[in-house]
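We count ligands from 1, going down the list as the structure has it; atoms in each ligand are counted the same way. When reading the values below, keep in mind they use all heavy atoms of this one structure, side chains included, and skip hydrogens, waters and symmetry mates.
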Amino acid sequence: MPRLLLDGRPAAALAALLPLLGCGEEAAGMAFDGLADCHSGDDRAARTLRAVAAEERLHDILIRQLQSGLPDAGQYAVPIEAARRFHIELVRGGAALHLARIAALDSAVCTMFSRLLRADGPVAADPGVATILRRIHRDEARHVRLTRGLALATGPAPAMHDAAASARDGLANILLLAGDGFEAMQVDPALLARDIRRLPDGLLTA
Ligand SMILES: [Fe+2]
Ligand SMILES: [Fe+2]
């Protein structure tokens, strides 16, 4: 792990945000393995889903490594129990709804990463941190395309749309717990939550 340039407020804030992201990665790794089992009749889909599961585990490792180079979260620390519960509950209702929720959340996470990585923010000024977050961002954008395609191939859209919208709503509530941390990273938490609550048009319609 290269030495991090980030220090002071943004370093502590990032230390508070990473566990929230990390518990999503941990859950996503398990989720994609489970989805691969559900798609065992379709070799190609199953293989792709296993590869995504491996990527999620790598994200988990990258986030832990980053975390180990950061100071204590101090005043920005947030309890992550609610976030952990939230990710576990995403499996409700079967594989198609699960895929729809993952597509909705990964696209929301992409929005969050692009704000954290804004050119004039503290993350962009630290190449070590920015490289890791950019890599995760890029992978998540690919996960959106993949899970969206698989979700649309499996089922009726209205139920998926509702599941996806409520997943984004839940994520927005969780990210607001870390509002002070986002502010220290020069990301407006209210604006972020508002944009995350809005399910992008066309995300779950063909
Ligand atoms: Fe991930
Ligand atoms: Fe993902």
**Student:** Just list the side-chain donor-acceptor pairs under 3.5 Å for residues 86-103, sequence neighbours left out, or say none.
**Tutor:**
{"unit_1": "Arg92", "atom_1": "NE", "unit_2": "Glu89", "atom_2": "O", "d": "3.1"}
{"unit_1": "Arg101", "atom_1": "NH1", "unit_2": "Leu90", "atom_2": "O", "d": "2.7"}
{"unit_1": "Arg101", "atom_1": "NH1", "unit_2": "Arg92", "atom_2": "O", "d": "2.7"}
{"unit_1": "Arg101", "atom_1": "NH2", "unit_2": "Arg92", "atom_2": "O", "d": "3.3"}

**Student:** Consider only side-chain N and O atoms of Asn173 and Arg168, and report whether a donor and an acceptor are under 3.5 Å apart.
**Tutor:**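 No, Arg168 and Asn173 have no side-chain donor paired with an acceptor closer than 3.5 Å.
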
**Student:** Around the Fe ion (ligand 2), how many protein N, O or S atoms are there at under 2.8 Å?
**Tutor:**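 N, O or S atoms of the protein closer than 2.8 Å: 4.
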
**Student:** Mind listing the side-chain donor-acceptor pairs of residues 114-129 below 3.5 Å, one per line with the distance, residues two or more places apart or on another chain?
**Tutor:**
{"unit_1": "Ser114", "atom_1": "OG", "unit_2": "Cys110", "atom_2": "O", "d": "3.2"}
{"unit_1": "Ser114", "atom_1": "OG", "unit_2": "Thr111", "atom_2": "O", "d": "3.1"}
{"unit_1": "Arg115", "atom_1": "NH1", "unit_2": "Asp195", "atom_2": "OD2", "d": "3.0"}
{"unit_1": "Arg115", "atom_1": "NH2", "unit_2": "Asp195", "atom_2": "OD2", "d": "2.7"}
{"unit_1": "Arg118", "atom_1": "NE", "unit_2": "Asp120", "atom_2": "OD1", "d": "2.7"}
{"unit_1": "Arg118", "atom_1": "NH1", "unit_2": "Gln186", "atom_2": "O", "d": "2.6"}
{"unit_1": "Arg118", "atom_1": "NH2", "unit_2": "Asp120", "atom_2": "OD1", "d": "3.1"}
{"unit_1": "Arg118", "atom_1": "NH2", "unit_2": "Asp120", "atom_2": "OD2", "d": "3.0"}
{"unit_1": "Asp126", "atom_1": "OD1", "unit_2": "Gly128", "atom_2": "N", "d": "3.0"}
{"unit_1": "Asp126", "atom_1": "OD1", "unit_2": "Val129", "atom_2": "N", "d": "3.3"}
{"unit_1": "Asp126", "atom_1": "OD2", "unit_2": "Leu5", "atom_2": "N", "d": "2.6"}
{"unit_1": "Asp126", "atom_1": "OD2", "unit_2": "Leu6", "atom_2": "N", "d": "2.8"}

**Student:** Please list every donor-acceptor pair under 3.5 Å in which a side-chain atom of residues 11-30 meets a protein atom from a residue at least two apart or in another chain.
**Tutor:**
{"unit_1": "Glu25", "atom_1": "OE1", "unit_2": "His59", "atom_2": "ND1", "d": "3.2"}
{"unit_1": "Glu25", "atom_1": "OE2", "unit_2": "His59", "atom_2": "ND1", "d": "3.4"}

**Student:** Side chains of Glu140 and His143: any donor to acceptor distance under 3.5 Å?
**Tutor:**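 The criterion, which ignores hydrogens and geometry beyond distance, is satisfied for Glu140 and His143.
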
**Student:** Using side-chain heavy atoms (C-beta onward) and a distance below 4.5 Å, is Phe113 in contact with Ile136?
**Tutor:**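 Yes; the side chains approach each other to less than 4.5 Å.
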
